[in-house]
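Reviewing the structure listed below.
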Amino acid sequence: MTLKLPIYLDYQATTPLDERVLEALMPYLTTHFGNPHSVEHSFGWQADAAVELARKKVAEIVGAKPEEIIFTSGATESNNIAIKGSAYAAYPAKNHIITVKSEHECVLASVRSLEKAGFTVTYLNINTDGLIDLNELEIAISEKTSLVSVMAVNNEIGVLQDLNSIGKICRAKGVLFHTDAAQAVGKVPLDVVAMNIDIMSISGHKIYGPKGIGALYVRKDTPLIPLFDGGGQEQGLRSGTLSPALCVGIGKACEIAGAEDAGHVTKLSKLLWQKLTSNLDCVSLNGSSDKRFLGNLNLTFKGVKSDLLVADLKNIAISTGSACSSAKAKSSYVLAALGLSEGEIASSIRIGIGRMTTIEDVDYAADYIIKCVKNLL
Amino acid sequence: MIYLDYNATAPIRPEVIEVMVDAMKQGGNPSSVHTIGRGAKSVMESARSTIAQMINCRSQMIVFTSGGTEANNMALLSSDRSRLITTNTEHDSVRSASSRFQGKVDVINVDENGVIDIDDLSKALEEGGADTIVSILFANNETGVLQEIVKIAEVAHAAGALLHIDAIQALAKVEIDFMALGCDMMSLSSHKIGGPQGVGALVALEKLPVKSFVMGGGQEVGRRGGTENIAGIAGFAKAVSMVPQSLEKMADLEIWRNEVEEKIFDHTSGALFLGKKVKRLPNVSMVYMPDVLSETQVMNFDLENICVSAGSACSSGKVKSSHVINAMCDDEKIARSTIRMSFGWNSKKTDGDRFVECWLKQYKRKHAM
């Protein structure tokens, strides 16, 4: 079998579109092009029916009801609506938000904007496993707290927070719990009811769906203020004409996601890890080794400059950190929060394994990485 | 099925679908620095430069958004001005955004033809012009009536005000030259011109501090967060690149539209065409049929397999009369019995003939002669 180069190992940045998703959404680009908000003719009805079926599929994967799902332009927008929308809805009675130092940049950008507007924000620490301390969370919650926002699976280091316990604490204290599940949906089991999650952000393109679409789960009767206004679509929470094609795409992606990937990804991830560690002494895993999504391996190669390594690894598409910031050559604040030194951070790369990764890809990549690392040592 | 609701959304052009499917298959996150990421980035940047060329602006002025609604909201958020002047026939997105505008909002009323009086704008700008942003809908989504943007820009700038135009319905129907129009910001949407839904753009002069509701990883040069919708953007650019073909088609559509109106006018009494006396888009007709409710008309058209609408799609779910018609004629009777038919890139002359046939049938049923 011949390999297709470059090998894509950057599944946290984005995932290839699944062919079944493309097939499902195509009719909504070609013949069923209606505006789902046109209630006066069948083109509109057809588009609307497709959107509602997609909504049901998205709801199912996280254990929500369809009417608790709204569509957005992506997880970034979902996170913005969740955080700013709930903070302003509770203001001024409550003016305190709790989040974590290792959150995605869009969550941090949203809470910083609230800080500028006069809100108080607590940034929880993470331990060397990348996990928050539940006691620290509990102590941080006051009667002024409206929202706790904790990412489910971290985009850089792949660790999975204890959503069950966080949800329990938040519910007991009467504060809203939002989780950015862009990297978690379809990869780890999620249940908004069992986990006491009030708001959850979902991405299309991280789960083999299209770019430009995301979703937000909002538990019934959770007060939220929309980011922007217009025709009042999506229960007034998110105005603008929906794209039926993109909605169908994320719906199909959710329908496919889950079971079939987990075993595959775990197997390949363990294989890669085993190959690297048996050939290199300098490699270590960042973040918890068991409380994680195994499709993400954030590794430090001690003594090797990761930017040189990535440059050498021409036949592999990997990154040194999150895609958003990788173009800006800033060092990772997530790894810093984990307690890594500047030197260690500069020696770290993120390897993402996913549905389309093959065993041949992993074999090739492992050998190639080992060779390049040895050259740079 | 005859589709005459292009102002709600247009079918996607086949050429656009081709480009989109390629981009979807290619994949990649444009912010990733590896080969696959750079490939996605190059698709996005070439799309940006195509659009820039077609509408005569610089690439770096274009910020991609999730659609026209977001672009309109962003424009008002980004102005840094303490006062907003707008009109009473704006699209819902600007109407709602203006209700949350942080500052004073003044509304200029249109005349019976749907046009604003430039003198009214001058007067409103006499004081506090430098603190003001003017936001005007270039082509009305319901009637197609065009405002005189070049003159409006002159007046606004003379007073030190900023001008934002919502050119969503105007794009690909009349010529759009950002520099020649003289506005500071302009909103565009893809799905009204044969591109995909879920993409739009705000075009803004570089000196303006464009701010977004969607904060994130610093995409779009820090002006709008979130991984860009590459396939959507590529499709949007392809549709914009076909603006010359669209404009050429508009010449035909104008003739067909005028024929529709003439035939209806010749065979009936009391029918009205809103905005007919002034410059308007060539593809749309807003027709009043005396004594037949617009909902009834739309249903009857649907039974004949013709798609039209009773107003804008956003609000068509809500049964309320059009604020645009009310602004023009303040006659509830007209507001409640008017429908919109709009042609587009894939329309045929016979579509107009069928529309007339069906329209007259309904009219005659009500007004037996």
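Side-chain atoms are counted along with the backbone in the values below, which use heavy atoms only and exclude waters and symmetry mates. Every chain is numbered from 1 and lettered A, B, ... according to where its sequence line falls, protein lines coming before strand lines.
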Side chain, backbone, both or neither of A/Leu22 within contact of chain B (heavy atoms, under 4.5 Å): side chain
Short side-chain donor-acceptor distance under 3.5 Å, A/Asn154 and A/Asn296: no
Partner of A/Ser201 by side-chain hydrogen bond (donor to acceptor under 3.5 Å, both in side chains), out of A/Thr76, A/Asp180, A/Asn79: A/Asn79
A/His32, part contacting chain B, at a heavy-atom distance under 4.5 Å: neither
Best-contacting candidate, B/Ala97, B/Gly67, B/Ser66, B/Pro11, against chain A by heavy atom pairs under 4.5 angstrom: B/Pro11
Side-chain H-bond candidate by donor/acceptor type, A/His41 with B/Ser309, under 3.5 Å: no
Residue B/Ile17 versus chain A: region with a heavy atom under 4.5 Å: side chain
Qualifying residues under side-chain contact (heavy atoms from CB on, under 4.5 Å), relative to A/Ser42, sequence neighbours excluded: A/Trp45, B/Met1, B/Asp302
Portion of B/Ala10 that has a non-hydrogen atom of chain A nearer than 4.5 angstrom: backbone
Backbone N/O of B/Val210 and side chain of B/Arg224: donor-acceptor pair under 3.5 Å: no
Heavy-atom neighbours of B/Arg336 CZ exceed 12 at 6.0 Å: no
Among B/Val21, B/Val298, B/Thr35, residue most engaged with chain A (heavy-atom pairs, under 4.5 Å): B/Val298
Top contributor to chain B interface from A/Gly212, A/Gly214, A/Ala245 [non-hydrogen pairs under 4.5 Å]: A/Gly212
Contacting moiety of A/Ile81, where chain B heavy atoms sit under 4.5 Å: neither
Which portion of A/Arg112 sits near chain B, non-hydrogen atoms under 4.5 angstrom: neither
Interchain contact, B/Val16 with chain A, by part (heavy-atom threshold 4.5 Å): neither
Donor on one side chain, acceptor on other, B/Ser93 and B/Asn72, under 3.5 Å: yes
Side chain / backbone / both / neither for A/Thr30 at chain B, heavy atoms under 4.5 Å: both
Distance-only donor-acceptor check, side chains A/Thr14 and A/Lys211, under 3.5 Å: yes
Polar contact flag, side-chain donor to acceptor under 3.5 angstrom, A/Thr72-A/Ser78: yes
Chain B contact via A/Ile213 - which portion, at a heavy-atom distance below 4.5 Å: neither
Top of B/Met74, B/Met24, B/Arg13 for chain A proximity - count of heavy-atom pairs under 4.5 angstrom: B/Met24
Donor on one side chain, acceptor on other, B/Glu142 and B/Ser322, under 3.5 Å: yes
Part of A/Leu246 within contact of chain B (heavy atom distance under 4.5 Å): side chain
Option in B/Met20, B/His191, B/Met299 with maximal non-hydrogen atom pairs under 4.5 Å from chain A: B/His191
Among the listed options B/Gly200, B/Gly198, B/Gly226, B/Gly27, the residue most often paired with chain A at heavy-atom distances under 4.5 Å: B/Gly226
Which atoms of A/Pro210 approach chain B - backbone, side chain, both or neither, heavy atom under 4.5 Å: neither
